[in-house]
Amino acid sequence: MQHSSFSRQIDKDLLGKFDAEILSRTPHFAGGDKSGVIENATPLVDLTDAISECARAEYGIRIDSKSVRVFGKLDSQIFGGSVKVRPAVEIVRDAIATGKLRSGQKIFEATSGNFGLALGMLRDLGLDVIVLVSRKLQGGVLDELKNEGVRSVNLDVDICPAPGLKIDQNLVVAKAAAANVREQLAQLGLDTAVFDKNRGDVEALLAKQDVINLAKLLAKMYDGFCPEQYDNELNVRSHETTTAPEIDQQLKAHGYSLGDFRIITAFGTGGTSAGLAKYAQAKYGQKPVHVVFPLANQDVAGIRTRDKAVGLRFYQPELYGGEHEVDFEAARRLLRFFASRGYGIGESGALALYSALQMINYGAGNNFVVMIADGLQKYLADLEVPVETSDPLEVNVEEAYSKQPSYGEVLWTHAMFVPREEGIKLLADALGCDKDKVKIATVRDVQALITTEKIPAGINALLPKDKSKTLLVCMAGGTSLRVAEVLAKNGVGAQSLTGGIMNLSQTNNRQPEDLVQVATQ
């Protein structure tokens, strides 16, 4: 896309807002020093015991947890919700800093969900995001896009099929698809006269189901910006320069070296695998990255089968230590197991974890870092996760942090006090969630629940509508534990944060009066 000299001017106000509101909340090197510590790193959690238990309970496989080590890299807990936030931040910031993206422009991109959700972070900056998606997407993904303020154009095609595949549709079908796109763009307020001038090009791309280039064309037509995640080298660079050294730093803190670990990741655009592989090759002279695909006839959210990866720019098998096609139906059992125990692991993470389990079982390695690309929430409706009645009613802050994405809500429940704004912020920061996720039950409703052991309508309205648990918090943990017991009697999954906000205040050297106040009702 050609820009005038005027359009190349840098929008300094937008860049300042981006750095303050997004870059500052996502992983980045402190002070810009690439040799320094990475701030806002996502957790690297030891899953060895959990995967050993899963192997025994679900597959009848015995794993000696003393001889293996499996870490999960929980990018599900990044601000923005998925590993796709990393390239989105890198690409969008570069676009603003080079004058390719300015306030008032529209962003167009083809996505299977997570990259579009990552772009949803831009809504507070006044940038309008329009994504091209498939109607095949899970309802939970579409709901999240809508909730994040991302507008979508729904297509009855496979989003982003492999460039190497020949999928020529009947011209009549392409014309009908183009009419559908035109109608949706009109509903989004775009000028259809612009569309009509370029209709032939649109139909040609739809005939090939080339949605990647359709997003680029729409950006060009409407003087917008397309991140081009499938072709933009910044996708790879974000993982080579930040994600990989971040994992390296965290393994060293645990007393390990990245040179002794295999890294398992599912394949979406290929940016994660290529970036991690380039870093490991340059620093350790090794090929530790193993790429995982579902079987050819299986749909896994955001993940390609191997035949649809071939031909993509970032599919670079020469960088990998191995490629694995894994049965997602078998991995689904692992997904249910981890979900029932409160781990926020999505479909691609479960596929990668199951691949690690297989490799351990077949003696193909003992030490693994598994990329957990996103969380569970948007897949719950299709998963039918059973409620684990044996789950403890209390969790400490470390456990709550690692399981935070699996909680549908964080609910304050106390019969006298309510948190101040500082208390809500402290709680959200400690749990690694957005403060908007923290809900406040009224004192009256909490008192009614405890005395009647029935759930008042006010509290019921705050509970998750799906099968996810609620994390309960109060002053010192006593009231929230009692609420958890009552909810359990009523068939509602909930856990209480041990020590409540008092424990957090002591840990952070904060005074209780700064964090809570007596309720007025």
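Values in this document were obtained by computation on a predicted structure and should not be read as measured data. Side chains included, hydrogens not; waters and symmetry mates left out as well; all remaining heavy atoms used.
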**Prompt:** Looking only at heavy atoms, what is the nearest atom pair of Leu335 and Gly346, with distance?
**Reply:** CD1-O, 3.7 Å
**Request:** Would you sort out whether Val291 and Ile264 count as a side-chain contact (heavy atoms from CB on, under 4.5 Å), showing the intermediate values?
**Result:** CA-CA 6 Å; Val291 176; Ile264 313 294; over 6 Å; no
**Closest non-hydrogen atom pair between Ile501 and Val473, with its separation** = N-CG1, 4.2 Å
**Request:** Quick one: pull up CD1 in Ile107 and CD in Gln105 and give me the separation to the nearest 0.5 Å.
**Result:** 8.0 Å
**Flag, side chain of Ser76 to backbone of Gly375, donor-acceptor distance under 3.5 Å** = no
**Ser52 and Ser65: side chain donor to acceptor below 3.5 Å** = no
**Request:** Give a yes or no on whether the backbone of Trp412 and the side-chain of His414 come within a donor-acceptor separation of less than 3.5 Å.
**Result:** no
**Request:** Enter the distance from Phe29:CZ to Glu39:CD here, rounded to the nearest 0.5 Å.
**Result:** 11.0 Å
**Fill in**
Nearest heavy-atom contact between Leu14 and Ser103 is CD2-N, 3.6 Å
**Message:** Any heavy-atom pair between the side chains of Leu487 and Leu472 that's under 4.5 Å?
**Reply:** yes
**Asked** Hey, does Val70 have a side-chain heavy atom less than 4.5 Å from the side chain of Val370?
**Response** yes
**Request:** For Thr26 and Asn40, test the side chains for any donor-to-acceptor distance below 3.5 angstrom and give the result as yes or no.
**Result:** no
**Asked** Under 3.5 Å, side chain of Glu53 to main-chain N/O of Ala50, donor-acceptor pair present?
**Response** no
**Request:** Verify whether the ring centers belonging to Tyr354 and Tyr59 lie closer than 6.0 Å.
**Result:** yes
**Item:** Charged N-O contact under 4.0 Å between Asp429 and Lys435
**Value:** no
**Request:** Test side-chain contact (heavy atoms from CB on, under 4.5 Å) on Ile10 and Arg102 and set out the steps.
**Result:** CA-CA 7 Å; Ile10 298 173; Arg102 313 173 307 282; over 6 Å; no
**Prompt:** Do the non-hydrogen side-chain atoms of Leu132 and Ser152 ever get within less than 4.5 Å of each other?
**Reply:** no
**Asked** Taking 4.0 angstrom as the limit, do Lys283 and Asp248 come out as a salt bridge?
**Response** yes
**Request:** Please answer whether the main-chain N or O of Gly270 pairs with a side-chain N or O of Ser273 as donor and acceptor at a distance below 3.5 Å.
**Result:** yes
**Item:** Whether Lys84 side chain and Gly81 backbone form a donor-acceptor pair below 3.5 Å
**Value:** no
**Asked** Ile303 and Gly268: which non-hydrogen atoms are nearest, and at how many Å?
**Response** CD1-N, 4.4 Å
**Prompt:** What is the distance from atom NZ of Lys439 to atom CD1 of Ile459, rounded to the nearest 0.5 Å?
**Reply:** 14.5 Å
**Prompt:** Are the side chains of Thr272 and Asn235 in touch, meaning some heavy atoms are under 4.5 Å apart?
**Reply:** no
**Message:** When you compare the side chain of Thr479 with that of Val446, does any pair of heavy atoms fall below 4.5 Å?
**Reply:** yes
**Message:** Tell me if the aromatic rings of Phe71 and His254 count as close, with their centers under 6.0 Å from one another.
**Reply:** yes
**Complete:** Rounded to the nearest 0.5 angstrom, the CG-CD1 distance for Asp64 and Ile360 is 11.0 Å
**Asked** Are Glu329 and Arg332 ion-paired here, with the side-chain N under 4.0 Å from a carboxylate O?
**Response** yes
**Request:** Give a yes or no on whether the backbone of Pro245 and the side-chain of Glu240 come within a donor-acceptor separation of less than 3.5 Å.
**Result:** no
**Asked** What do the steps show when you test Val153 against Val133 for side-chain contact (heavy atoms from CB on, under 4.5 Å), and what is the final call?
**Response** CA-CA 6 Å; Val153 174; Val133 301; over 6 Å; no
**Request:** Please check if the side chain of Thr498 supplies one atom and the backbone of Val395 the other of a donor-acceptor pair under 3.5 Å.
**Result:** yes
**Message:** Test your reading of the model: is there a side-chain donor-acceptor pair from Arg56 to the backbone of Ile61, 3.5 Å cut-off?
**Reply:** no
**Message:** Taking the basic N atoms (NZ, or NE/NH1/NH2) and the acidic carboxylate oxygens, is any pair closer than 4.0 Å for Arg482 and Glu453?
**Reply:** yes
**Complete:** In short, Ala494 meets Leu393 closest at the heavy-atom pair O-CD2, 3.9 Å
**Request:** Hey, could you give me the NZ/CG distance between Lys17 and Leu127, rounded to the nearest 0.5 Å?
**Result:** 9.0 Å
**Asked** Does Lys437 come within less than 4.0 Å of Glu409, counting only side-chain N to carboxylate O?
**Response** no
**Item:** Inter-residue atom distance Leu427.CG - Leu497.CG, 0.5 Å rounding
**Value:** 7.0 Å
**Prompt:** Should Val89 and Phe18 be marked as a side-chain contact (heavy atoms from CB on, under 4.5 Å) after you check the CA-CA gap, both sets of side-chain angles, and the distance that decides it?
**Reply:** CA-CA 9 Å; Val89 168; Phe18 185 90; 4.0 Å; yes
**Message:** Please check: side-chain N/O of Glu109 versus main-chain N/O of Gln229, any donor-acceptor pairing under 3.5 Å?
**Reply:** yes
**Message:** Check this for me, if you would: do Asp19 and Arg25 make a salt bridge, where the nitrogen-to-carboxylate-oxygen distance has to be below 4.0 angstrom?
**Reply:** no
**Asked** Would you say the side-chain atoms of Thr111 pair up with the backbone N or O of Gly116, donor to acceptor, closer than 3.5 Å?
**Response** yes
**Message:** On a heavy-atom basis, which atom in Ala448 and which in Pro456 lie closest, and how many Å separate them?
**Reply:** CB-CG, 4.0 Å
**Message:** Quick check: do Ile91 and Pro227 have side-chain heavy atoms less than 4.5 Å from each other?
**Reply:** yes
**Item:** Qualifying side chain to side chain donor-acceptor pair (under 3.5 Å) pairs with a residue from residues 66-75, counting only residues at least two apart or across chains
**Value:** Thr42-Lys73, Thr42-Asp75, Asp46-Arg69, Thr48-Arg69, Arg69-Tyr256, Lys73-Glu246, Lys73-Gln250, Asp75-Arg86
**Asked** Is any side-chain heavy atom of Val85 closer than 4.5 Å to a side-chain heavy atom of Met121?
**Response** yes
**Asked** Distance only, no hydrogens: is a donor on one side chain within 3.5 Å (strictly under) of an acceptor on the other, for Asp374 and Asn114?
**Response** yes
**Message:** In the structure I gave you, are the side-chain heavy atoms of Leu431 and Val410 within less than 4.5 Å of one another anywhere?
**Reply:** yes
